[in-house]
**Q** 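Before I ask anything, here is the structure I am working with.
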Amino acid sequence: MAVPLLTVDLSALRQNWRALAALSETETAAVVKADGYGLGVGPVATALAREGARRFFVAVAEEGVTLRKVLGAGPEIYVFSGHMDGDADHIRAATLTPMINSIDQMLRHVEALPGHPFGIQLDTGMNRLGMEPGEWAALRDIALAQNPTLVMSHLACADEPEHGMNAFQLQTFRDMTDGIDAPRGLAATGGILLGRNYHFDLTRPGIGLYGGRPFADAAPVAHLDIPVIQVRDVAAGESVGYGNSWVARTPARIATIAAGYADGIIRAMGPKAHVFAGDARCKIVGRVSMDLIGVDVTHLDDQPETVSLLGHHQGVDDLADAAGTIGYEILTSLGARYARRYSGG
Ligand SMILES: *Cc1c(COP(=O)(O)O)cnc(C)c1O
């Protein structure tokens, strides 16, 4: 093996979907934007559909077109960015459901595609996408008369259960939607964990499916094994990598592994991150290069053929912590150069 191997454990993905679905009594959808959080929307969405997911969410219409080819007719595909200028052909051809975000989008949708299904996205305080209370009040009766298939909003702080923003957004969503007939949704992964008040008719987990926080019970889905190219002995006082940022204090054995920041291994994680050779933890030494990383293997009896960066010993959030980021960014940064294998589909 000359390139790193990314193994996507689809049975773990399916297990995570089931576990999240079991936490609410309502329908559970699946968010598969950004190529299934970087893990490959084809195999990911196919596995989730097989597990029972019937509604899917993507960020933009182009992703919806790709997803429709994967899923075939039947499942509903929602587009968070709604109906943007130039989207009408995609929305019609792939039978997508845009989440209408503004009065402008509503007008565009009914003019271009009268009678075509849509959902409504409301802004309850995040100030990112969706109609604000005043806009919604003006459009509400007209929009509801056309039977949106979903009315939803998104929580800004759901990964912090104690945050006052959660209750505030819940109340705002209630104020905007209580009494309507259309199905409602508020919860992504974090919202599912906040409890039944947040579940409404449809939950839409993303990161928890892929093994990330805040779903602490998630099974790891992404496994990344990186081949060792070369092992060398360095004497005390010798340095490793660009900028001489790491200097051996005592004689050391250093393995050079075949991945780097061009593969989405965030350069900033270098000084705090580890890889695993079997069960043994090995420190990353020196700067992460574009295609190479140095690893201290002094304490190992045998020279490893590969080391693991992601897997059972170290998950996406461990790596995110080392890099000062979030698991979402680790996953969606995973590189194009990896060999990919899907197991448990
Ligand atoms: C990305 C996204 C989700 C999924 O959120 P997770 O935190 O990954 O579960 C749900 N809803 C909206 C609007 C999103 O943008």
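Values below: all heavy atoms of this structure, side chains included; hydrogens, waters and symmetry mates excluded. Residue indices begin at 1 and follow the sequence shown.
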**Q** Please report the interatomic distance CD(E63) to CZ(R68), rounded to the nearest 0.5 Å.
**A**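 Separation between the atoms: 14.5 Å.
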**Q** Any idea which heavy atoms bring P98 and H116 closest together, and the distance?
**A**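 P98 and H116 have their closest heavy atoms at CD-CD2, 4.5 Å.
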**Q** Considering all heavy atoms of both residues, which atom of G294 and which atom of I254 are nearest to each other, and what is their separation?
**A**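 For G294 and I254, the tightest heavy-atom pair comes out as CA-CG2, 4.3 Å.
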**Q** Evaluate the side chain to side chain donor-acceptor pair (under 3.5 Å) criterion for residues H154 and R204: first the C-alpha distance (whole Å), next the side-chain angles of each, then the deciding distance (0.1 Å), finally the verdict.
**A** CA-CA 10 Å; H154 192 48; R204 36 169 220 286; 3.0 Å; yes
**Q** Looking only at atom types and distance, does a side-chain atom of W17 sit under 3.5 Å from a main-chain N or O of A29, one as donor and one as acceptor?
**A**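 It does hold such a pair.
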**Q** Between R213 and D321, does any side-chain N to carboxylate O distance fall below 4.0 Å?
**A**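 Judged by the 4.0 Å cut-off on N to carboxylate O distance, R213 and D321 do form a salt bridge.
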**Q** Does any N or O in the side chain of N16 come within less than 3.5 Å of the main-chain N or O of L209, such that one atom is a donor and the other an acceptor?
**A**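 Present.
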**Q** Please indicate whether R281 has more than 12 foreign heavy atoms, meaning atoms of other residues, nucleotides or ligands, lying under 6.0 Å from its CZ.
**A**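 No - once you tally the heavy atoms of other residues, nucleotides and ligands closer than 6.0 Å, there are 12 at most.
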**Q** Would a 4.5 Å heavy-atom cut-off, applied to side chains only, mark V297 and Q303 as touching?
**A**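 They are not in contact (no side-chain heavy atoms under 4.5 Å apart), so the answer is no.
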**Q** Check whether any side-chain N or O of K33 sits under 3.5 Å from a backbone N or O of V79 as a donor-acceptor pair, and report yes or no.
**A**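 Such a contact is absent between K33 side chain and V79 backbone.
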**Q** State, yes or no, whether a side-chain contact exists between F80 and V31 at a heavy-atom distance under 4.5 Å.
**A**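 Yes - at least one pair of side-chain heavy atoms lies under 4.5 Å apart.
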**Q** According to the side-chain hydrogen bond (donor to acceptor under 3.5 Å, both in side chains) rule, which pairs have a member within residues 178-202, sequence neighbours left out?
**A**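 Only T177-R184, D178-R184 qualify under side-chain hydrogen bond (donor to acceptor under 3.5 Å, both in side chains).
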**Q** Please name the pair of heavy atoms, one in H299 and one in C282, separated by the smallest distance, quoted to 0.1 Å.
**A**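 Closest approach of H299 to C282, heavy atoms only: CE1-SG, 3.9 Å.
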**Q** With a 6.0 Å cut-off (strictly less than), is the heavy-atom count around CZ of R140, excluding the residue itself, greater than 12?
**A**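 More than 12 heavy atoms, drawn from other residues, nucleotides or ligands, come within 6.0 Å of this atom.
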**Q** Is there side-chain contact between M126 and T124, with at least one heavy-atom pair below 4.5 Å?
**A**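 They are not in contact (no side-chain heavy atoms under 4.5 Å apart), so the answer is no.
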**Q** Apply the side-chain contact (heavy atoms from CB on, under 4.5 Å) test between I77 and each candidate in L71, V70, T95, I91; give the one that qualifies.
**A**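 Answer to the side-chain contact (heavy atoms from CB on, under 4.5 Å) test with I77 among L71, V70, T95, I91: L71.
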**Q** Just wondering, are more than 12 heavy atoms of other shown residues or ligands nearer than 6.0 Å to CE in M290?
**A**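 Check fails, neighbour count at 12 or below.
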**Q** Can you tell me if M165 has over 12 outside heavy atoms packed within less than 6.0 Å of its CE?
**A**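 Enclosed.
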**Q** Side chains of Y338 and D263, heavy atoms from C-beta outward: is any pair under 4.5 Å?
**A**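 In contact.
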